[in-house]
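In each ligand, atom 1 is the first atom listed, and ligand 1 is the first ligand listed.
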Amino acid sequence: MPKKSKPTFYITTPIYYVNDVPHIGHAYTTIIADALARFKKLDGYDVFFLTGTDEHGQKVEKAAAAKGLKPQELADKVVVRFKDLWAALGIEPDGFIRTTDPAHERGVQKIFARLLEKGDIYKGTYQGWYCVGEENFLSEDAPAGPDGTKVCPDCGRTATLVEESTYFFRLSAYARPLLEFYEAHPNFVRPQGRMNEVVSFVKGGLRDLSISRTTVHWGIPMPGDPAHTIYVWFDALHNYLTGIGYDGDMDRFRKFWPANVHLIGKDILRFHAVFWPAFLMAGGFALPECVYGHGWWLKDDAKMSKSKGNVLDPYVIINAFGADPLRYFLLREVPIGHDGNFSHEGFIHRTNSDLANDLGNLVHRTLTMIRSYFGGRLPAPGAETAEDAAIREAFGRVKAAVHTHYEAYALNKALEETWGYITAVNKYLADSAPWKLAKDPNERPRLARVLYQAAAAIRGVIYLVYPVMPGSARKVWAWLGEPGAIEDVPFAGLAFADFDAGREIAEPTPLFPRVDLKEFLAADAGSAAVKAAGPEAREDRMDQITYDEFKKIELKVALILEAEKVQGATKLLKLKVDLGTEQRQVVAGVAESYKPEDLVGKKLILVANLKPAIIRGVESQGMILAAVAGDKAVIPFFEGEIAPGSTVK
Ligand code: MSP
């Protein structure tokens, strides 16, 4: 008889831009996907979990230029950061796609050419506003910015006006098919509220979408017209096809497509729930089952951003606590669709109370008692009392409820349910007081039963939390003397009674560290955290430079000889400075903070090897250093004796 093949489950994360290193927001999506993939594997599915990096487009091109790198060089550097972080977080994807993989590029070109031939892509001219930050064309109703510009409604940055020859995708033709599709598949976008958002956007009318650029060079060239680069979102979305083998390993592609769930942040819903299904319809592909838009993580109630300096570095947490507490917190704290607020206080409170106290202590106490009262091997337990039976039966109910929650992607509820059971087991232990039973030799069978019941319950709990905390679960599984790997036990086959008493129980070590808030905050606040994290973590900040790079900047003491206003510029002063061996002319934006006559005779720091530039028609041969305080500039002046031209380092 042919072997019955397993049902398949294909789950994806967005592919991440490589303009910067990953932060907790990226980690969040990928952790959810990892937990769901692990659950589905336990539940008997043949799973493919895909993640990767989005390496093309203007954003990456600009970030690379700013760092003096080629885009491919930047991508090659940053992709390692993503892969390392996933490993550090216990994330094990089945595939990792990079959009610079030649197989992906070929697949995208093939689909592009097919749509062109069909007439779904046509040539025209695009005139409008483009936001590089979001890699997005703005609609006409985007808010106005200064001097007749437009502002990106998503990120608030001023957009760029572009007018260029382009290829359009006939999105307008798909408005009706999309609406019909949504109607027939009301769970296509989840949570439900986001579906409504998508439907009203499409009902508002769809314009054709510009999907090629001639002014962007970092991307996939258009087949047959290489002056055009394929729009980064058209390129990126197709990773979901090429990442499982489209146009290469077609057997694998047919096995997994269409995806069961595209997990994304709510910020990129429109791309996934409107553009993507329209591209797929045009290409003749089946549509995914669901696009799940999760919420946004804020830091202390504010959006994380580089300029605010509140972007959470996952390594600070991983190095202090390990990966599992972070995975647990992110998945337990909020339902997937909601926004969450990350505060160190909240995180530490949960870790100490749920993990160190509730689960960690339960495991530690029980295993230690089995070792000290029975030398690590439980004898056959005595008869089951009503209390013992209640703990066994409750497990069956909890297991069924947890299964339902995992299936519904309600990870927080699965954990809540499990923790309800942990509390019950802790109460059972407290009520049964094995430490008292241990004092009476006649109570050995009873003592064995209580510890057996607790160990069997721990085995069950550990299995249920495995998708969320795989590292800790594997550890406890081994302590319990389980012969096989935890992931080899099918969810359906997990039974309380499968714990057999005679096995050797290992000596446990603390599962979760208790961390003091003050110590942790101190570590996080400064370089101490970075130091504690070791050289790899120090390496992890893309914005850090080496000493050799710093040395390239020539800083010198300059004496101001003359100062005057630059005609027609309210903010600028023209300075003549003495560098000991030469004199230079420098333009500085300090006119609103200093009067020219107050500057003469002062000594300050000059960047002496900056390429000269013409500012408002005046040549500037260097740059002075000043602090920026709102609209004001504050120049650090030298007080004592110091010769002009001295090196500053
Ligand atoms: N490259 C595109 C996606 C292309 S998918 C075909 C992109 N990349 S991104 O690097 O900006 O990251 C996108 C995803 O990171 C968001 O959709 C979201 O999943 C996640 N997050 C980034 N910051 C986040 C938070 N602060 N909170 C939660 N998730 C966030 O967009």
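- Relative ring orientation between Phe329 and Trp297 is described as tilted, the plane-to-plane angle lying within the 30° to 60° band.
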Measure and list all N/O to N/O distances between ligand 1 and the protein that fall under 3.5 angstrom.
{"from": "ligand 1", "atom 1": "1 (N)", "to": "Ile15", "atom 2": "O", "distance (Å)": "2.8"}
{"from": "ligand 1", "atom 1": "1 (N)", "to": "Asp54", "atom 2": "OD2", "distance (Å)": "2.7"}
{"from": "ligand 1", "atom 1": "10 (O)", "to": "Tyr17", "atom 2": "N", "distance (Å)": "3.1"}
{"from": "ligand 1", "atom 1": "17 (O)", "to": "Gly265", "atom 2": "N", "distance (Å)": "3.2"}
{"from": "ligand 1", "atom 1": "17 (O)", "to": "Asp267", "atom 2": "OD1", "distance (Å)": "3.1"}
{"from": "ligand 1", "atom 1": "19 (O)", "to": "Thr29", "atom 2": "OG1", "distance (Å)": "2.8"}
{"from": "ligand 1", "atom 1": "19 (O)", "to": "Gly265", "atom 2": "N", "distance (Å)": "3.2"}
{"from": "ligand 1", "atom 1": "19 (O)", "to": "His294", "atom 2": "NE2", "distance (Å)": "3.3"}
{"from": "ligand 1", "atom 1": "26 (N)", "to": "Trp297", "atom 2": "O", "distance (Å)": "3.2"}
{"from": "ligand 1", "atom 1": "27 (N)", "to": "Trp297", "atom 2": "N", "distance (Å)": "2.8"}
{"from": "ligand 1", "atom 1": "29 (N)", "to": "Gly25", "atom 2": "O", "distance (Å)": "3.4"}

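- For Arg176, there are no side-chain hydrogen bond (donor to acceptor under 3.5 Å, both in side chains) partners two or more places apart in sequence or in a different chain.
- Applying the ring-ring contact (aromatic ring centres under 6.0 Å, His included) test between Phe271 and each of Tyr231, Trp233, Phe201 identifies Trp233 as the sole match.
- Looking at residues two or more places apart in sequence or on another chain, you find a salt bridge (charged side-chain N to carboxylate O under 4.0 Å, His left out) between Lys255 and Asp46.
- The ring pair (Phe, Tyr, Trp, His ring centres under 6.0 Å) search around Phe39 returns His403, Tyr406, Phe491, not counting sequence neighbours.
- Taking the six-membered ring for Trp and thresholds of 30 and 60 degrees, Phe253 and Phe285 have ring planes more than 60 degrees apart, a perpendicular arrangement.
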